[in-house]
Amino acid sequence: MVVGVLTLELFLGEANSLKGKRKILKSLLERLKHKFNISVAEVGRQDSWKHSTIGISAVSGETSHMDSILSSVVNYIENHGGVEIIEIQKELL
């Protein structure tokens, strides 16, 4: 069993308030959950309008499959309008 953990620092350029940030993040996180069957949550920088830290985890039977899932998640977020990835931390356990 392989557990993948991804921590992403995000910049949300379109957010003008905490309410705007919540709207952008809620939409993104729900789409990620349904598209990739992963667990995802905001885990840091909740008080900042323009920045967020999200945590993502998934389980697979193979390391190569886990790498593929996490890479697909990063690519999906990079192509999501209004969200820019500042930092990526990936762990396979």
Side-chain angles (χ1 to χ4, degrees):
M1 176 174 72
V2 179
V3 178
V5 179
L6 198 59
T7 305
L8 303 174
E9 294 285 335
L10 304 178
F11 175 73
L12 297 97
E14 296 179 2
N16 296 318
S17 65
L18 286 175
K19 186 176 180 179
K21 174 187 175 179
R22 282 193 305 267
K23 180 180 176 184
I24 293 167
L25 275 181
K26 182 177 180 183
S27 172
L28 176 62
L29 299 185
E30 286 300 317
R31 282 184 287 167
L32 288 171
K33 286 178 190 178
H34 294 294
K35 183 168 180 67
F36 298 103
N37 194 26
I38 57 174
S39 296
V40 59
E42 184 177 20
V43 296
R45 301 187 79 170
Q46 286 98 342
D47 58 343
S48 173
W49 294 3
K50 298 278 186 182
H51 294 91
S52 178
T53 303
I54 62 170
I56 297 167
S57 64
V59 177
S60 178
E62 299 178 12
T63 302
S64 61
H65 184 247
M66 182 54 58
D67 272 333
S68 174
I69 291 170
L70 297 180
S71 294
S72 296
V73 169
V74 170
N75 289 336
Y76 183 84
I77 294 171
E78 287 176 337
N79 293 321
H80 181 269
V83 178
E84 180 182 336
I85 299 175
I86 298 171
E87 183 179 338
I88 300 171
Q89 295 177 347
K90 179 169 82 170
E91 292 182 64
L92 298 178
L93 310 171

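Separation of atoms OG (S48) and CG (L18) is listed at 8.0 Å; rounding is to 0.5 Å. Between the CG atom of L70 and the NE2 atom of H65 there is a distance of 10.0 Å, given to the nearest 0.5 Å.
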Side-chain donor-acceptor distances from residues 83-93 under 3.5 Å, at least two apart:
| unit_1 | atom_1 | unit_2 | atom_2 | d |
| --- | --- | --- | --- | --- |
| E87 | OE2 | Q89 | NE2 | 3.1 |
| K90 | NZ | D67 | OD1 | 3.1 |

Quick one: side chains of residues 49-56, donor-acceptor pairs under 3.5 Å with protein atoms, not counting sequence neighbours, listed by atom name and distance.
| unit_1 | atom_1 | unit_2 | atom_2 | d |
| --- | --- | --- | --- | --- |
| K50 | NZ | G13 | O | 2.9 |
| K50 | NZ | A15 | O | 2.9 |
| S52 | OG | E42 | OE2 | 3.0 |
| T53 | OG1 | E9 | OE1 | 3.0 |
| T53 | OG1 | E9 | OE2 | 2.9 |

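For the side chain to side chain contact (heavy atoms under 4.5 Å, CB included) test, residues two or more places apart in sequence or in another chain that qualify with S72 are F36, S68. Checked against side chain to side chain contact (heavy atoms under 4.5 Å, CB included), K23 has no partners two or more places apart in sequence or in another chain. With sequence neighbours excluded, no residue forms a side-chain hydrogen bond (donor to acceptor under 3.5 Å, both in side chains) with R22.
Residues V2 and V74 fall within the same hydrophobic cluster, defined by Ile, Leu, Val, Met, Phe, Trp and Tyr side chains chained together at heavy-atom separations under 4.5 Å. Residues L12 and L29 fall within the same hydrophobic cluster, defined by Ile, Leu, Val, Met, Phe, Trp and Tyr side chains chained together at heavy-atom separations under 4.5 Å.
Residue pairs meeting the salt bridge (Lys or Arg N to Asp or Glu O under 4.0 Å) criterion with at least one member in residues 53-66, sequence neighbours excluded, do not occur.
A heavy-atom distance below 4.5 Å is not found between the side chains of L28 and V40.
Residue N37 places its CG atom among 12 or fewer non-hydrogen atoms of other residues, nucleotides or ligands, all under 6.0 Å distant.
The two residues A58 and I38 come nearest to each other via the heavy atoms CB-CG2, 3.8 Å.
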